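See structure below.
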Amino acid sequence: MSAYTISIVSIIGINVILAVSLNMISGFCGQISLGHGAFFGAGAYAAALAMVATASVPLALLAGVVAGSVLGILVGFASLRVRSDFLAVSTIGVNFLFVGFVRKQSWLGGEMGISGIPPTGFGASGNMIMILLLACATVVFSLYVSRSWMGFAFRAVGEDEQAAATLGIGAGAYKLAAFGIGTALAGLAGALYAFFTQFITVDAFDFILSVMLMAMVVIGGIGSTWGVVAAAVGLTLLPEAIRFVNDYRLLVFGGMLVLVIRLAPGGLAALVHNLFARTRKA
Amino acid sequence: MLIRNRRLSALAAGSLSSLAGLVVLATFAASPARADVKIGFQAPLTGPAATDGKSAQIAAGMAVEDINAAGGVLGQKVQLVTYDDQAKSDQAIFTANKLIGEDGVKLVVNGSYSASGRAAAPVFQKAGVVMIAAYGVHPDITRAGDYMFRLVHLGPPQGAATALYIGKTLGLKKISTITMDNDYGQATMDGFIEAAPKYGVEVVNKYSYSLKDRQFGSIVASVKRDNPDGVYATGYFFTGGPLVAQLRAAGITVPIIGSQAFDSEKFIEIAGPAAEGTYIIDSFDRDRKDEALQKFFTEFKQRAGYAPEGVAAITYSAVRLMADGIKRANSAEPDKVRDALAATKDFPLLEGNMNGFNSLHEMIMPIQVNEIKGGKFTPAGSITDLNAFAPPEK
Amino acid sequence: MYYIDLAVTGVSFGCMYAMMSVGLTLVYGLLRILHVAHAAVFALGAYVVVLVANATGSIALGFLAAVIVTPLFGIAIYRLLYEPLLRYRPDVPMIASVGLLVLMQDAFRIMFGEQGVTFRQNALSFTTFDFHGVTISAVQIALIVTAAVVFAGLHLFTTRTRTGLGWRATVSRPKIAASFGVDPVKVRYLNFAIGSALAAVAGGLVALLNNLVDPSIGFVVSYKALAIIVLGGLGSVRGTLVASLVLGLVEAYGTIFIGAWLDRDAIAFLALIVLLMIRPQGFTGARTA
Amino acid sequence: MSAVLELDDVAIRFGGVQAVGGVTRTVDAGDFVGLIGPNGAGKTTLIRIIAGLLRPDRGKVMLGGSDVTGESTSARVRAGLALTHQIVRPFREMTVLDNVILAAGIGYTSGPLRALLHVSRRREAERAMEILGSVGLTGTERRLAGELPLGQLKRLELARALAVDPKIVLLDEPLAGLNHAEASRQVETIMEVHRRGITVVLVEHNLEEVMRVCRRLIVLNNGVVIGDGDPWEVMANPAVQEAYVGSGMMAHAEA
């Protein structure tokens, strides 16, 4: 495998973890978060600091997961207090605050970011395998969650909190759980990203990234794990495969987001489903 | 929330996507081999840094055409392999691996910001690929190893040279500083603040702004209150233009000294009459009687529709230097090109002649200063005390 | 004097925020949609002003063109994007709206270049007045005066004219207004038209102030405007005006006093999150969905 | 007989209006209570307080002997309370069967961790089918709840309430919007629920049906209880008649 293939597969793996984890929050549990980049970033920074300090991969992974989920649970608590349309704006705010704060902190490297993150020692292909294994585990976990009673309760909370309460389902605990799990996974992705690039700057975690991730979830079909995985893989490869897409990346992503919502709100998953339904009828 | 998945459809979507992925990967694997000498090129063609990326891309293309028109190198044509890195670290690693693995490139010019250069440098170093960073100013780039070269003054030395110029040449004592919040702006300002006391320059107050800011009302009001002898600002022309205009509009008449990336005709266009009397440190002398420079100017304007800025000139020079290295090494083997580049002496860049590289492969060269007079860049001397802004050694 | 200088900066920026945010808050009041793409309208306004001004040599013509073009664009966004999505949760059109903004921003880059466009002749940008040591630029005065005139006009329109009354009634009590024969569809068009024109004027004035229109001109403003309308208690015009002015002032002082540890652009969101923790229903927060 | 639901001096004000002014009542296990009163009497407010959707200004709510005043709705449901909403709130994007299965799985959904550790729905699906049968929704299991007509949705609400295996159900106008045939079908089902030993509190405008099925009638007016006891005796009470005649409710009820 060439170094290029290794790096693209690594990025795909990281994007899959990010998109699937966002899907748990926004797809399964219906809590629209437009600040996923902040949790990803928190994980990356924590892992980078841990790696620089201890050079221990497990510790760095743990640091990433903890940082992502701590920030996520804080935001989750906020989500308990505010209406859903406030939540979308608040999460955008969290992303801007994260970037605006880290930018000015010299202990986080400020504008310079954190460099000289020690290598994991697995080599590029070892890193890729680790990323792929964790991405697969994330997908399997997501599939399991959607089949479990937790996924069932998430759907109820996402659709109607009050109705869920009348079935004995406390929306608050589930929303916190969704944020906690989703952002822990984003933090994990952040740690993997820090291993992959070996240096990080805050610009990599900006709001546009959060929009891209939301685009993956929506285009894949909100709530559908496989659809979201497909979209994450497809949208990462698309600019690589098609020159035009590469030059007009934002135009294409923005356009797809608009068109998918406008014409096929169920995303890829629903399109494929309809296709099957039609051929079966025919 | 919209339409829920069904298992079947989801599986189908998944397999479809992996199929698409395989096809895409397969097309990458089959890239044809060419006899030309390939030079890899990374630049931010999209995203917030696209302004500079575009100029760098045009300039690099011109350099390759000029080299080929003059017979190429080693009897072969030079071919530029360009990728967009969005000035982002992950994309830089991505495209670096692509250049190495898919295109078999051994020589690279990085025409991008520090974030890209820093991420790409270790990848190239490990693969034994020579890289010249055209204008990435972060120290980490050359520290990645001996295959790395830099064709621009590091941020901190630029800042130190600025302190020298302000203190000795302009003779100003009290300075307010305005820092742009990115690695380039911050590093350059750090160098200035460290060196300032040596030349009797006192920093009255420090302010900072973000790359996205075009409105500086609060900073302007504060500078007005500081009542300094001069203002030193780091930034790009698209932030510097509005900044200078607003400083002048508030009745601040003291000299304004801008950092290298102010260097663009667009700066004068934006700031209009307010641009008058602004000094730009490490700017290039456009009037120099140099055929190559004048030709570059006319041609670039024709292609881009605007005049070239420092970024364009430096990227052009970087590609030319790489070709020169190949000629002197009489080989396109990276090890030999590396040694030839390290031995560079008095190479003519568009900005003037560079002395050479130091042990860390940092460029050694005097710093030019321009003042804007009558709406034009006018030479205002050069800073030749190389020891005052010596870059770090190995 | 220094603090007054800062205040002038803050107020003029507050006025810009107000003109930008009122359109957003009205759309929210009417449709419960967070109209993020409003920033694309703002940027479009800025581009139209600078391009027409450069082509004709008249800045006034530029503004005239902008207030003709952008309302049509705003109405088109409603007709083609939001109207078909009204039956979904409000998050759905909002995400589409984010997509539209990202798309438009890249389209501006492709059409008008990364370098941005400057005014050929823009005496206004470089004209300043000095009142006993307080400096105020012509564009700042224009911002403040325009905002004052526009909002006074808007107030008269919504309290004195039939159409205006119907509009206001629809925003606050849609069902009752409809039962009194106000056509809700017409009101929505009117709403997008007026909101878009206001954003375009704000965009044009910012273009003059910067003497530069680049593709990112609307980006930060767009999300700040979201924070503002939440701070102002979603859907409340008065709240939005107050929040705009307060944010303008807080930013003007904050840049200097807290700029060392927080980016200016993050101040709005810090305020937002603090406020939501204390008062989850927003500043005024009388109305709930 | 033990008390299932106790209210102790429950009161709430909205602005200047005393919506509920000090209600103290006990509902015993096996009771079938009708809660009536003219419009604005505070019935729905009282129900919302019992359900935990509103917090009272003062007073206590006890379920099965334990104080739940500070508890959330979901906690009360888990303590044995079930309720149906005046305006139906099914999960429209789930199937009818899933709606009921989710309710039947209350043992698993008490907390996220517990929910995460359980996957099988077989037992709950069987129970849900049985309950759907008992409310007469057999045949609709696979349809999306959002596609059902109102009459069936009202029954679905009842089915979900039964599926959480409650000790007491609060039914907020379960007959509203139903035609005559649907209404009497619904009443039958409610009586069947009561026969299974579940305590029922019924809020209804349809006085005729309330009088027919309830064993005990509580009448609210202006937020206070003005009558409580055997339905016919209560209705004979002049104060109750006064309140109803004053509001024109009697005429409405007889119409």
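The sequence lines fix the lettering, A, B, ..., with proteins before strands; numbering per chain opens at 1. Only heavy atoms go into these numbers, but all of them, side chains included; no hydrogens, no water, no symmetry mates. Since the structure is predicted, the reported quantities are computational estimates derived from the model, not experimental observations.
Both the backbone and the side chain of C:L226 come within contact range of chain A, each with at least one heavy atom under 4.5 Å from a heavy atom of that chain. In this structure, chain A has a heavy atom under 4.5 Å from the backbone of C:L80, while its side chain stays farther away. If you measure heavy-atom distances from C:L270 to chain A, the contacts under 4.5 Å come from both the backbone and the side chain. With a threshold of 4.5 angstrom between heavy atoms, A:V94 approaches chain C through its backbone and through its side chain. Heavy-atom distances place the side chain of C:M94, and not its backbone, under 4.5 Å from chain A. Only the side chain of A:F207 comes within contact range of chain C, judged by heavy atoms closer than 4.5 Å. With a threshold of 4.5 angstrom between heavy atoms, A:V211 approaches chain C through side-chain atoms but not through N, CA, C or O. In this structure, the portion of A:L34 lying under 4.5 Å from any heavy atom of chain C is its side chain and not its backbone. Using a 4.5 Å cut-off between heavy atoms, C:L85 contacts chain A through its side chain alone, with no backbone atom that close. For C:R109, the part sitting under 4.5 Å from any heavy atom of chain A is the side chain, from C-beta outward, and nothing else. The contact between C:I273 and chain A is made entirely by side chain atoms (from C-beta outward), counting heavy-atom distances below 4.5 Å.
Proximity of a side-chain donor or acceptor of A:R262 to a complementary backbone N or O of C:P84 within less than 3.5 Å is not detected. Side-chain N or O atoms of C:D263 include none that pairs as donor or acceptor with a backbone N or O of A:G100 at under 3.5 Å.
If you take CE on C:M104 and CG on A:L251, they are separated by 10.5 Å, rounding to the nearest 0.5 Å.
Closest approach of C:L262 and A:K104 over heavy atoms only: N-CG, 3.7 Å. A pairwise comparison of heavy atoms in A:L257 and C:I95 identifies CD2-O, 3.8 Å as the closest pair.
By the 30° and 60° cut-offs, the orientation of the rings of C:F219 relative to A:F96 is tilted.
Residue with the most contacts toward chain A among C:V98, C:L103, C:I33, C:I267: C:L103 (heavy-atom pairs, distance under 4.5 Å).
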